[in-house]
Number of protein chains: 4
Amino acid sequence: MSRPPQPDGRVRAAAVALFAAKGFHGTGIRELADAAGLSSATLYHYMGTKEDLLVDIMQTSLDRLLTAAGQVLTESPSPVAAMNGLVQTHVVAHALRRSETLVVDTELRALSPERRRPIVALRDEYEDLWESVIEKGQAAGTFQVPDPSVARLALLQMCSGVANWYTSGGRHALAEVAETHAHLSLAMLGAAPDPGLPPAGHYIRLVTGVWGDDATAG
Amino acid sequence: MSRPPQPDGRVRAAAVALFAAKGFHGTGIRELADAAGLSSATLYHYMGTKEDLLVDIMQTSLDRLLTAAGQVLTESPSPVAAMNGLVQTHVVAHALRRSETLVVDTELRALSPERRRPIVALRDEYEDLWESVIEKGQAAGTFQVPDPSVARLALLQMCSGVANWYTSGGRHALAEVAETHAHLSLAMLGAAPDPGLPPAGHYIRLVTGVWGDDATAG
Amino acid sequence: MSRPPQPDGRVRAAAVALFAAKGFHGTGIRELADAAGLSSATLYHYMGTKEDLLVDIMQTSLDRLLTAAGQVLTESPSPVAAMNGLVQTHVVAHALRRSETLVVDTELRALSPERRRPIVALRDEYEDLWESVIEKGQAAGTFQVPDPSVARLALLQMCSGVANWYTSGGRHALAEVAETHAHLSLAMLGAAPDPGLPPAGHYIRLVTGVWGDDATAG
Amino acid sequence: MSRPPQPDGRVRAAAVALFAAKGFHGTGIRELADAAGLSSATLYHYMGTKEDLLVDIMQTSLDRLLTAAGQVLTESPSPVAAMNGLVQTHVVAHALRRSETLVVDTELRALSPERRRPIVALRDEYEDLWESVIEKGQAAGTFQVPDPSVARLALLQMCSGVANWYTSGGRHALAEVAETHAHLSLAMLGAAPDPGLPPAGHYIRLVTGVWGDDATAG
DNA sequence: GATGAATGAGATTTCATTCAT
DNA sequence: GATGAATGAAATCTCATTCAT
């Protein structure tokens, strides 16, 4: 009775998939139970309310993005390297975990104001990492953009958008997509290409390391 | 009884605003009626079902995007000019008509398969215009991208994303946002800057010309 | 404003057809308006409430049945002749005016108690005519039935049932159906066949005379 | 989630009573819930849609009529015996289970075409049993009717009509009604009375055996 | 841990009817 | 005479959630 129970893997996985496919309000609790192989009453042994479940999914996802970004920044010696890493990590995460990242990006509005606040704080913390890299590069003369904050917004929209169209086994290989986005991003920022940056494989390992292989894939 | 009556301006405007803010499934019919200043029964005097209303909004919006893009392509002598025009027009439309463009971009999943099909066809028609411009530029040697179709996807996500964060009267002026996106886009495509291209004002006029000033603003 | 307006031909005809096909509660007022070629608001120039319309239809139909039965009894010299006439008249009316007789037979329950009472009185008046003919024949020794009142009920159900299955132009000609029912009825009552009774044509003329050719046919 | 749950006894009983008394369209879902002693939401725990409930009622009723008729035909050595049995069984069923038989006879039109088809097939199967008995009797010279198919229609309408007027404890005892209808039916068909046929008690037992004493009585 | 039963509130949509024009 | 606009009430059905077993 003290705190809401933590959703187990099956429930989370079903919720992530359904919230991504049909939206939070478009997903019924019985639908969710069916997908998890449980009755709707049993569902409540594994979670608090439907909103609790959404919060939990978002929190976990943003925590992981922050962890991954932190590792990237630690290991990157320059703004160009940092931006290359942030973009590739972000793109790989949005490609490999399409559903959960889509949920974070589209269902903020479904949260009540009180529940939304801490989630938005996490998201802002993450986006600030990007902005400060851009500013450092701009200050160092490595980047030239008309407006750093517009650049940050444009970059993030572009990279997050991968979750909208990437399909594993589709026309574009993951490494290709990640590297192309890094290339496009650096070009956007006016940075010269740097052949010495780590290739996509490095960031794919980083992302899979952070996410582990829980059942929430997809 | 023959065809569902055209929802009048107030109903459409209320629907666009609410669907954008809370999602299709997150918007109740009574909420919609309140926002339109009608009773929920009267609402049905002006529309078919809630889904009809969504389809109508999407269709109108995509028709206008296609019209605007057609005008841009007609008047543009080169791939660089065309891309500059497509990006600025798209960005201006997504900034001035945030709500309706957001609805088009996020609520496709709320449509039943039968209703979705023709809408997706319109969207694909629009995106194909972008792709063929990229391909022409690539063929002409003006653009150099690792992968044209990834570039198209990345560009569109970036430019559509404006609807997620632009606020009139906010930190960024509309003309600045449009031109910055054009600049970033051409940089992404590896094209040299061209100071002779039409400035944002031209495309703002084009967009307001196409959209008119009906009640659906926002 | 004083009394509810009399429904005109088109409205009555549409109502009779729809009430018969879909039931009173199964028929919507807009459906009715469509069928009559009017708007639902205009409908109310021609009728009172939906229930008024039903009452009107039933009253008219029962009045005509009573008129026809009165003519039959006047001209019939014996219980056998009377029963032959009642049956044939009833069958012809239920065949030629399927819809309106079905409505009378099945929608009594849709009336409020106050409106039902006078209609039931008319129906009882009509059925009493049948019962008294059976009793006269039983008293005269022409008929032999185990129970006159069960016989009346059985006879009327059988003859009214024609409205459930007769179709003009179908497998059975009207005259044949009427005469067969008269034959079966007299057999049920234990009466010897009488070749001198008027044939179906006589009663078809009687019925069409009473009903006239208003627009309520069918 | 797989198949609509079987409505339990109380829901079925309430539905049968209300559909018979007020018609399918005349019966509201809350009314039904009240009669079953449930909330309208709980109702849906026990049934699919209102139409599913109607289909279920009709199917069950027709299945039982077919079962009973099959037993009658098996045990009847002659067309006269068979017809006597069919009529008495039918009459007893329509007297003891007025409501459910009335629903079958009057609410077919409330079904959508897809749901109606299999129900009509069952009804036709049942009516064909009657027709073939009449034809056998006619071929054997036991019956003499002007038209066997009109005779079948007339007979069935007469016997089904019992559900419209019979009341247990009313003026007419069940056995009397059943035997009277058998007598009238055989008279209609021109068959000589046969004192050796089973009396009503036999068929009352047959019917109560087939119907059991579930909660759907009335 | 699991679930059938239950429900108040609310979903979307239709109802019959009125009225100003 | 005709109708578009309007509506309170009610229609059927689903919602997220609770609880006794």
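What you see below is based on every heavy atom in this structure, not just the backbone, and it leaves out hydrogens, waters and symmetry mates. All chains are named by letter (A, B, ...) in the order of the sequence lines, taking the proteins before the strands, and each is independently numbered beginning at 1.
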Open item on the list: Let me spell it out: for each of D:Thr27 and A:Glu31, pick the nucleotide of DNA chain F with the closest heavy atom. Which residue's pick is nearer the 5' end?
Closed with: D:Thr27
Open item on the list: If you assign C:Ala41 and D:Ser40 each to the DNA chain F nucleotide with the nearest heavy atom, which residue ends up on the more 5' nucleotide?
Closed with: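 Nearest nucleotide further toward 5': that of C:Ala41.
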What's the [atom1]-[atom2] distance between [X] and [N], to the nearest Å?
X       : N      : atom1 : atom2 : value
D:Glu51 : F:dC13 : CD    : C1'   : 14 Å
D:His25 : F:dT12 : NE2   : P     : 10 Å
A:Leu43 : F:dA16 : CG    : P     : 10 Å
D:Arg30 : F:dT12 : CZ    : P     : 8 Å
A:Lys50 : F:dT14 : NZ    : P     : 15 Å
D:Phe24 : F:dA11 : CZ    : P     : 13 Å
B:Ile29 : F:dA10 : CD1   : C1'   : 17 Å

Report yes if the side chains of [X] and [Y] come closer than 4.5 Å at any heavy-atom pair, otherwise no.
X        : Y        : result
A:Met58  : A:Asp63  : no
C:Tyr44  : C:Ile29  : yes
A:Arg115 : A:Leu54  : no
B:Arg123 : B:Leu108 : yes
B:Ser112 : B:Glu51  : yes

TODO: Report the residue (D:Thr42 or C:Thr42) whose heavy-atom-nearest nucleotide on DNA chain E is the more 5′ of the two.
DONE: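 The 5'-side residue here is D:Thr42.
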Task: Sidechain-backbone polar pair: B:Ser61 side chain, B:Ile57 backbone, donor-acceptor under 3.5 Å - done: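 Checked: no pair found.
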Task: Closest nucleotide among F:dT14, F:dT7, F:dA16 to the A:Tyr44 side chain - done: F:dA16
- [ ] Could you tell me from which nucleotide to which nucleotide of DNA chain E, 5' to 3', there is an atom under 4.0 Å from chain D heavy atoms?
- [x]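 Extent of the interface on DNA chain E: E:dG4 to E:dG8.
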Task: Donor-acceptor side-chain pairing of D:Thr60 and D:Arg12 below 3.5 angstrom - done: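 Yes, because at least one side-chain N or O of D:Thr60 sits under 3.5 Å from a partner of the opposite role on D:Arg12.
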- [ ] Identify the heavy atoms of A:Ala14 and A:Ala35 that sit nearest to each other, and give their distance.
- [x] CB-CB, 3.8 Å
Task: Rounded (10°) bend between the five-pair end axes of the helix from E:dA2-F:dT21 to E:dT21-F:dA2 - done: 0°
Throw together a table of side-chain donor-acceptor distances under 3.5 angstrom for residues 19-27 of chain B, partners on residues two or more places apart or in other chains.
unit_1  : atom_1 : unit_2  : atom_2 : d
B:Lys22 : NZ     : B:Glu31 : OE2    : 2.4
B:Thr27 : OG1    : B:Leu18 : O      : 3.3
B:Thr27 : OG1    : B:Gly23 : O      : 2.7

